[in-house]
Amino acid sequence: MSRDHPEGTTTALDTAHDADAPFLELLARGADAEAYERPVLLARAGGLPAERIAALERAKLLALRVRAELEGRRRREAELSALFETAHDLAGPRDVDEVLRAIVQRARSLLGTDVAYLSLHDPARGDTYMRVTEGSVAARFQQLRLGMGEGLGGLVAQTARPYVTDDYFRDDRFRHTTAIDAGVRDEGLVAILGVPLALGPDVIGVLFAADRRARVFEREQIALLGSFAALAAAAIDTANLLTETRSALAGLERANEIIRDRSAVIERASDVHDRLAELVLRGGGVHDVAAAVSEVLDGTVAFTETAPARALEASRAEGHAVRHADDWIAAVAAGGELLGALVLRGHPGLDPVDQRTLERAAMVTSLLLLARRSAAEAEQRVRGELLDDLLDARDRDPRLLRERASRLRADLDATHVVLAARLDGTAPDADQEAAARRRLWSAASHLAATRHGLAAARDGGTVLLLPLDPGDTATDVARRTARHLGTAVHEAVTVGASAPVRDLAAHPDAVATGYEEGRRCLDALRLLGRSGDGAAAEDFGFLGLLLGGERDVTGFVDRTIGRVVAYDERRGTDLLRTLDAYFACGMSPARTKDELHVHVNTVAQRLERVGRLLGDDWHSPARALEIQLALRLRRLTVPAAR
């Protein structure tokens, strides 16, 4: 049968071929889907026959199916290429963080999402945390932690299944929390797809892809993200295995080193024995021992008086060093007395030879401490004897006193304060009271040694002679001493101080006088209910006369108006008589000048001189009262002065 057609006629086949031509051209140049409507629209606009338009419609649908197939193949090719590249990354010795970042970046690119991120499980806290993010802009979102079942990611981690939502905030399949919702809102996410990272039956994290607009994720995209998640899990597993392998190799290497170093350990033990013996012979201290053992044990060894009680007691009972966490503790004891401990810090692994080295060092330390204590007690006795001589033997040779004080690093030519200190508590029995007094004497002796002063036990308490620093007052010294001694003995200690005393070598009787003054201040403090405090004679004024057990009238008069008395005696003036008249006349200069039969200017000049001698506040109510009392007492004790 002939295939020829009469001229001017077309067949259905020709029509189909003509309809296919424009779409083939569109396929060839990879045009957008919208461009496939143009041939049909042009045909309708040109008034072509219905058959022609129908043929174009069929050709368009066929071309769009072909285009979709080609697009799908290209997409699958890109996906396979990305998966291949990621798998290739895993084969190399790349850092696991770098591989995870590459996975998240490729997932975001291939799925065409705004954001992609990966979270990992934290076994210690029982939740998941953000490990890698790509495209994220919100700091709070990047720091999110999701508990099991919290948020979409928590649901994925809990069920080990992929989950997708096209509108996060309207989805009630998972539990919303304020923190997670705030982070998602900060990032502006709407549609989220999450797939589990699984190693066998265990979920170790979640891989996410998310958009800031509503979106439906297709099945192929879910499968693709799942493939990336599998690769990410493989990367993490590989890194974990590599870490374990390296750790095992390090352990083997360490074991080999231990075997090689065994002879060196024995050598070190001999070396430390020689070093410790040398330290004792040349008079080394506790810290020298600790430094020597630190060097030998290749760690940090320190002596301490406070260590964990249970470990310290176990070490003393067993006679061996004991482990406490990552430290080793060796008790330093002499007889039944615990003196402290040597602590080897941050060295949990200690072989028997090194342990024995630490124990030997603790024994040497106890010997050094006992020797030091004996020397300190001897020095305390010498200091006490010198102070006793200053208090009792007032006719001592000043030169010998200075020499004795100099050997104790004390300077008797400096200005000092004499302090009387006493415990305020009452012990249940005589033995405990004696022990408390010994503690007070020991603490006072230590304070005196550090301050270049002297201390001695006396009258059931302690007496101290401490130098007065520039800018300090006797009151300052008394209060500081009360606080220091109270802290040292863990009981309230009351301290009374004398006025400053000077030139003690030439006038040792000033020490005894100062001690009596300090005791009166101490008694006054206790009568006033100020136990545990410190004060000096200058703090009480005439009240000290009323409260003290022995009333020092002469001392009070001298402290109050002594400078005026001395001025009158040297200059032959009448300041005391003027003061008497001034107070007798109600502190009126006009009436005073009539009483003395002098000019009012003379009264004013004399009172101005009194102010320079006694201080500008001499006519304040408190000072005026003390001055009047001192004037009256002087009249009573020295009648001829009237």
Side-chain angles (χ1 to χ4, degrees), residues 82 86 89-90 94-160 162-171 173-199 203-215 217 221-222 224-237 239-240:
T86 303
D89 290 342
L90 294 178
R94 297 182 62 182
D95 179 73
V96 65
D97 286 335
E98 187 178 352
V99 174
L100 293 179
R101 280 194 296 271
I103 289 172
V104 172
Q105 289 169 358
R106 288 167 185 162
R108 179 192 178 203
S109 175
L110 288 175
L111 270 66
T113 57
D114 297 321
V115 183
Y117 49 101
L118 183 146
S119 65
L120 290 182
H121 179 57
D122 185 346
R125 296 179 56 169
D127 61 3
T128 60
Y129 64 96
M130 290 291 189
R131 177 68 177 272
V132 183
T133 64
E134 176 68 20
S136 172
V137 295
R140 178 157 53 175
F141 178 78
Q142 295 165 12
Q143 298 169 3
L144 277 180
R145 300 188 73 98
L146 289 75
M148 286 297 181
E150 293 180 355
L152 185 139
L155 184 61
V156 173
Q158 186 178 48
T159 62
Y163 273 87
V164 62
T165 178
D166 56 0
D167 191 338
Y168 176 86
F169 291 101
R170 294 186 179 180
D171 199 329
R173 292 177 298 166
F174 46 82
R175 180 155 57 94
H176 290 263
T177 68
T178 302
I180 298 173
D181 285 359
V184 174
R185 188 174 288 106
D186 283 357
E187 194 63 56
L189 301 182
V190 178
I192 304 176
L193 166 62
V195 296
L197 278 70
L199 288 176
V203 176
I204 63 171
V206 180
L207 179 61
F208 299 88
D211 259 340
R212 296 188 176 93
R213 63 186 186 280
R215 168 177 176 168
F217 288 96
Q221 293 172 322
I222 298 174
L224 175 61
L225 196 63
S227 299
F228 276 117
L231 291 175
I236 295 169
D237 190 37
N240 291 340

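Just so it is clear, the model here is predicted, and its values are computed rather than measured. The first residue in the sequence is number 1, and the count goes up from there.
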Atom pair [atom1] ([X]) and [atom2] ([Y]), whose distance is rounded to the nearest 0.5 Å:
| X | Y | atom1 | atom2 | result |
| --- | --- | --- | --- | --- |
| Thr133 | Gln143 | OG1 | CD | 10.5 Å |
| Asp127 | Ser119 | CG | OG | 9.5 Å |
| Phe228 | Ile103 | CZ | CD1 | 7.5 Å |
| Phe174 | Gln158 | CZ | CD | 13.5 Å |
| Leu144 | Thr128 | CG | OG1 | 9.0 Å |
| Leu146 | Ile180 | CG | CD1 | 4.0 Å |

Minimum heavy-atom distance [X]-[Y], with the two atoms named:
| X | Y | answer |
| --- | --- | --- |
| Pro196 | Ala229 | O-CB, 3.5 Å |
| Leu118 | Ala232 | CD1-CB, 3.9 Å |
| Tyr129 | Arg145 | CB-NH1, 3.7 Å |
| Ile222 | Pro162 | CG2-CB, 4.2 Å |

*Regarding Thr177 and Glu150, is there a side-chain donor-to-acceptor distance under 3.5 Å anywhere?*
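No donor-acceptor contact under 3.5 Å links the two side chains.
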
*asked:* Run the side-chain contact (heavy atoms from CB on, under 4.5 Å) test on Thr113 and Arg108 for me, step by step, so that the C-alpha distance in whole Å, both residues' side-chain angles and the decisive distance to 0.1 Å come before the verdict.
replied: CA-CA 5 Å; Thr113 57; Arg108 179 192 178 203; 3.8 Å; yes

With the side chain counted from C-beta on, respond yes when [X] and [Y] share a heavy-atom pair under 4.5 Å apart, and no when they do not.
| X | Y | result |
| --- | --- | --- |
| Arg213 | Asp114 | yes |
| Leu225 | Phe217 | no |
| Arg131 | Asp97 | yes |
| Tyr117 | Ile192 | yes |
| Val115 | Arg212 | yes |
| His176 | Tyr168 | yes |
| Arg215 | Leu193 | no |
| Leu120 | Leu197 | yes |

*Given Thr165, which of Val190, Leu152, Leu189 fulfils the side-chain contact (heavy atoms from CB on, under 4.5 Å) condition?*
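With Thr165 as partner, side-chain contact (heavy atoms from CB on, under 4.5 Å) holds for just one option, Leu152.
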
*The single option from Val195, Leu100, Val156, Leu231 passing side-chain contact (heavy atoms from CB on, under 4.5 Å) against Leu207*: Val195

_CZ/Arg173: more than 12 non-hydrogen atoms of other groups inside 6.0 Å_ = yes

*Salt-bridged, Arg140 to Glu187, with N to O below 4.0 Å?*
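Looking at Glu187 together with Arg140, the answer is no, because their closest N to O distance does not fall below 4.0 Å.
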
*asked:* Whether the side chain of Asp186 engages the backbone of Ala138 through a donor-acceptor N/O pair (distance < 3.5 Å, no angle test) should be reported.
replied: no

_Test your reading of the model: is there a side-chain donor-acceptor pair from His121 to the backbone of Gly126, 3.5 Å cut-off?_
no

